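Just below is one structure, and these are the notes that go with it.
One-based numbering along the sequence shown. Here the structure is a predicted model, which means the values were calculated and not measured.
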Amino acid sequence: CAISRSCGDAEFFFFPASKTAIDPVRCRMGIPSLLPFLDDAMEDAHISRYTGKKAAIDGYAWLHKAAHTCVNELANGFHTTAHVDYCVNKFKLMRENGVEPVLVLDGAALPAKAATESSRRASRDRHRREANEMLKSNAPGWRDELAKAIDITPEHAHQLILACRRHNIAYYVAPYEADAQLALLATRGHVQLVVAEDSDMVPFGCPAVLFKMDGSGNGRLLRRERLQERLERCVAVRRGGLGVKTHHQRLLAQQRRGGR
């Protein structure tokens, strides 16, 4: 069941985290080649552009990026807070620029993706073996290989939740993957921006997504209206110069005339 908690004058709802480990490899995936395809619809932007607004964050994406700061510790089960510190520092950066962060974490594993999750576990095992072999020969790049073997678990997410409580940051644990929850918050106006790493947020129709925000607050901003313009140009080229709306109107006119 959903549990509410207050943060300032707002009330938020979240779902208890599942004990099932969620593999965040998807945070490095997204839809292949979509972001490069949409690059001319994006613009360079700083998080301060949304001063006075709220921004929702894909928490597992950040945790996975943070893992690169403490690869050896996480891969070998040693205690560390570096992955949490990475996220907290970005929260502080957002607040320093007048943006209120709202964290969203993955919940339970999707049953429909059981085969995918099994494949990812096998992939992590393979990367771990390769990293160990590289380490034995002192080959460069072993840290990057080992990072691919790290499994971000609900325990890591719980550590981040505790940090959110200490810093009075609102958070959600989604019923399943975070993407749909992020999109719901954005499309219903609870947040004005989504901060994400991959292209999965594009098909959900979020009004604004800041991709790959760095430690200085810079990223690539995709706004829905710019995306619509980009798609209309693509359709115009394919339909002999007609935009989406014009082409749709002509189709409707043909149907009314019985000329399907």
Side-chain angles (χ1 to χ4, degrees), residues 2 7 10-15 22 24-65 87 90-91 93-95 97-107 110 113 157 160 164 169-214 217-235 244-245:
C7 181
E11 187 176 46
F12 297 89
F13 294 86
F14 67 96
F15 293 78
I22 306 300
V25 172
R26 66 173 185 81
C27 299
R28 302 197 310 272
M29 297 176 65
I31 301 169
S33 302
L34 181 58
L35 289 186
F37 175 75
L38 296 175
D39 187 68
D40 63 348
M42 292 190 269
E43 56 189 301
D44 291 331
H46 190 267
I47 190 66
S48 60
R49 181 164 174 170
Y50 285 84
T51 296
K53 308 294 185 180
K54 293 180 180 179
I57 301 130
D58 185 342
Y60 269 80
W62 275 16
L63 282 171
H64 193 81
K65 287 192 70 176
C87 297
K90 283 201 167 184
F91 292 150
L93 171 68
M94 293 172 73
R95 280 183 164 172
N97 284 278
V99 179
E100 185 60 27
V102 178
L103 181 71
V104 181
L105 294 160
D106 289 343
L110 284 168
K113 295 183 68 175
L160 185 54
C164 286
I169 293 170
Y171 62 87
Y172 292 82
V173 177
Y176 292 101
E177 293 186 344
D179 299 333
Q181 187 76 40
L182 288 162
L184 183 71
L185 292 172
T187 55
R188 293 192 176 179
H190 298 299
V191 301
Q192 290 70 50
L193 177 70
V194 171
V195 179
E197 293 298 317
D198 67 23
S199 58
D200 284 342
M201 297 311 305
V202 176
F204 281 98
C206 294
V209 185
L210 184 64
F211 291 103
K212 304 183 185 303
M213 187 184 81
D214 63 21
N218 296 301
R220 294 284 285 167
L221 178 66
L222 178 64
R223 293 181 292 114
R224 188 164 54 194
E225 53 267 32
R226 287 285 298 274
L227 174 61
Q228 181 67 26
E229 293 171 4
R230 174 70 170 86
L231 296 177
E232 286 200 14
R233 287 201 302 272
C234 291
V235 173
V244 173
K245 292 181 179 179

Do [X] and [Y] come close enough that some side-chain heavy atom pair is under 4.5 Å?
{"X": "Ile169", "Y": "Arg95", "answer": "yes"}
{"X": "Leu63", "Y": "Leu160", "answer": "yes"}
{"X": "Gln192", "Y": "Pro207", "answer": "no"}
{"X": "Asp106", "Y": "Val173", "answer": "no"}

For the backbone of [Y] and the side chain of [X], can you confirm whether one donor and one acceptor N or O come within less than 3.5 Å of each other?
{"X": "Glu43", "Y": "Leu221", "value": "no"}
{"X": "Lys90", "Y": "Met213", "value": "yes"}
{"X": "Asn97", "Y": "Val99", "value": "no"}
{"X": "Lys212", "Y": "Gly219", "value": "no"}

Worksheet item: What is the distance from atom CG of Asp198 to atom CG of Asp58, rounded to the nearest 0.5 Å?
Response: 7.0 Å

Practice prompt. State the CG-CE distance between Asp40 and Met42, to the nearest 0.5 angstrom.
Written response: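 The CG atom of Asp40 sits 8.5 Å away from the CE atom of Met42.
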
Practice prompt. Dump the intermediate steps for side chain to side chain contact (heavy atoms under 4.5 Å, CB included) on Val102 and Tyr171, then the final yes or no.
Written response: CA-CA 5 Å; Val102 178; Tyr171 62 87; over 6 Å; no

Discussion item. Whether Glu100 and Lys53 form a salt bridge (side-chain N of Lys/Arg under 4.0 Å from carboxylate O of Asp/Glu) is what I want to check.
Written reply: no

Worksheet entry | Asp39/Arg220 ion pair, N-O < 4.0 Å | yes

Item to complete: Might you work through the side chain to side chain contact (heavy atoms under 4.5 Å, CB included) test for Leu193 and Ile47, ending with a clear yes or no?
Response: CA-CA 9 Å; Leu193 177 70; Ile47 190 66; 3.7 Å; yes

Item to complete: Applying side chain to side chain donor-acceptor pair (under 3.5 Å), name anything that partners Arg224, two or more places apart in sequence or on another chain.
Response: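 Not a single residue meets the side chain to side chain donor-acceptor pair (under 3.5 Å) criterion with Arg224.
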
Worksheet item: Residues in ring-ring contact (aromatic ring centres under 6.0 Å, His included) with Phe91, at least two apart?
Response: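 Per chain and number, Phe91 pairs via ring-ring contact (aromatic ring centres under 6.0 Å, His included) with Trp62.
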
